[in-house]
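Here's the structure we're looking at; comments come further down.
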Amino acid sequence: MVAAASLLCLGGCSSKEQSEPEEQEKPNDVSWFTGEMITDSMDNRPILATISNIPAARPQSGLSDADQIYEFLAEGQVTRYAALFQSKVPNQIGPVRSARDYFVHLAEGMDAFYIAHGYSPDAKKLLDDRVVDYINGIHHDGTLFERSADRRAPHNSYISKEHIAEAFSLVNASKKITAQPSFSFLNPDESDKIGDIASTVQVSYSSDPNFISTYQYNQEANRYYRSVNGIDTVDKLNEQRIELANIIVMEMDHQTVDQQGRLAIDLESGGQAMLFHEGIAKPIEWQNKDGFLTPVEQGVPVKLTVGKTWIHIVPSLSGPSTSVTYTP
């Protein structure tokens, strides 16, 4: 395997320290998060849901409709997803798991409606302070959140599309988007072939094969297909395989903050990153631009391939040079 480009530094500046690119204008029927044509209103407020990712929670429900999926470390080298839904809300999302402060801050930056079941002490304080509009299964277990009989708690809590709509009304949350990201996308007649060939990509959070993601590029579809430990990543609702236009790996500082192994993750400072799309690998950077974790090149948003994106957040101590490998 060929190791991805080595990291030079964690560096980088927040969005307030960088000159902003020219404001993007998009047609009313193009998603801000995928660049795809959408049937629902592009003014829908984003929904961010924390989803379990232990093997017993797989396959998860609703992932095929997520515009973006962020994968973070939780405790004990286990990862957890923050799935963003804006173009479409699936009929069911789950298994929903507990909040961490970095999930809450991610939702806060996007002004997303946040969904979780449970919380860490730091996340509870943020939720109690109402830094985001949210619904939590701790308060609505058995009502808005339903338990599946075929999974064991705490990895069996789900919320339906209808109950999400009810939750918006319950907390008097706006349904309209207020914060628009600066993501940029290739035009249909454009392609990006500048970079190393990357037909197979592997992202590792530890030596545990249950938390090593493998992506295989399909040139005809211009998509990457994901698997973990030899099992395809699919959506339990429709058995559809997850198809990704972009894979992004962002390096962030991780600090252990308590005896339970909970983490503080720096979502603000920016740093090195890798982009995989169009069958190539490209070293880039990331910045927090007005609350959105944005892939950039020389401070300008990188043009992504139109479609869905999986974003891996990895510790800066290891970095993409050891967390990521790829082969032609």
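Below, each value reflects all heavy atoms present in this structure, side chains not excepted, and no hydrogens, waters or symmetry copies. For the single chain, residues carry numbers from 1 onward in sequence order.
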Side chain to side chain contact (heavy atoms under 4.5 Å, CB included) assessment of Phe183 paired with Phe33: CA-CA 7 Å; Phe183 300 124; Phe33 294 90; 3.8 Å; yes
Run Leu275 and Glu297 through side chain to side chain contact (heavy atoms under 4.5 Å, CB included) and show every step you take. CA-CA 11 Å; Leu275 167 64; Glu297 209 168 16; over 6 Å; no
Evaluate Leu170 against Leu144 for side chain to side chain contact (heavy atoms under 4.5 Å, CB included), listing each step before the verdict. CA-CA 11 Å; Leu170 184 66; Leu144 297 183; 4.1 Å; yes
Verify side chain to side chain contact (heavy atoms under 4.5 Å, CB included) between Arg152 and Asn156, making sure each step is shown before the conclusion. CA-CA 6 Å; Arg152 289 186 177 182; Asn156 66 344; 5.9 Å; no
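A heavy-atom distance below 4.5 Å is not found between the side chains of Val30 and Phe185. No side-chain heavy atom of Asp192 sits less than 4.5 Å from a side-chain heavy atom of Lys303. For the pair Lys308/Asp67, a side-chain contact is recorded, criterion being any heavy-atom separation below 4.5 Å from C-beta on. Between Met252 and Tyr102 the shortest side-chain heavy-atom distance does not fall below 4.5 Å. At a threshold of 4.5 Å between non-hydrogen side-chain atoms, the residues Met274 and Val201 do not count as touching. Residues Val257 and Arg262 form a side-chain contact, since some pair of their non-hydrogen atoms from C-beta on lies under 4.5 Å apart.
Follow the hydrophobic side-chain contacts under 4.5 Å out from Val131 and you reach Met110 in the same cluster.
Taking the ring axis of Phe211 as reference, the NZ or CZ atom of Arg58 stays within 45° of it and closer than 6.0 Å to the ring centre.
Between Phe113 and Phe168, the ring centre distance stays below 6.0 Å. In summary, the aromatic rings of Phe103 and Tyr114 are positioned with their centroids too far apart to meet the 6.0 Å limit. A distance below 6.0 Å separates the ring centres of Tyr326 and Phe276.
Summarising the local packing, CD1 of Ile197 is surrounded by 12 or fewer heavy atoms from other residues, nucleotides or ligands at distances under 6.0 Å. The environment of CZ in Arg241 is crowded: more than 12 heavy-atom neighbours from other residues, nucleotides or ligands sit within 6.0 Å. The local environment of CD in Gln219 is sparse, with at most 12 non-hydrogen atoms from other residues, nucleotides or ligands closer than 6.0 Å.
Atoms CD1 and CG, on Ile115 and Asp133 in that order, are 11.5 Å from each other to the nearest 0.5 Å. Interatomic distance, CD1 of Ile159 versus CD1 of Ile93, reported as 7.5 Å (0.5 Å rounding). Going from atom CE of Met37 over to atom CG of Asp29 covers 3.5 Å, rounded to the nearest 0.5 Å. In this structure, CZ in Phe85 is found 7.0 Å from CD1 in Ile69, a value given to the nearest 0.5 Å. Atom CZ of Arg45 and atom CG of Asp111 lie 4.0 Å apart (nearest 0.5 Å). The CG atom of Asp101 lies 15.0 Å from the OH atom of Tyr119; values are rounded to the nearest 0.5 Å.
Sequence neighbours left out, the pairs with a member in residues 124-149 that pass ring-ring contact (aromatic ring centres under 6.0 Å, His included) are His117-Phe145.
Test Phe72, Tyr70, Tyr205 against His312 for ring pair (Phe, Tyr, Trp, His ring centres under 6.0 Å) and you get one pass: Tyr205.
The pair Glu71-Arg226 meets the salt-bridge criterion, with a side-chain N (NZ, NE, NH1 or NH2) lying under 4.0 Å from an Asp/Glu carboxylate O.
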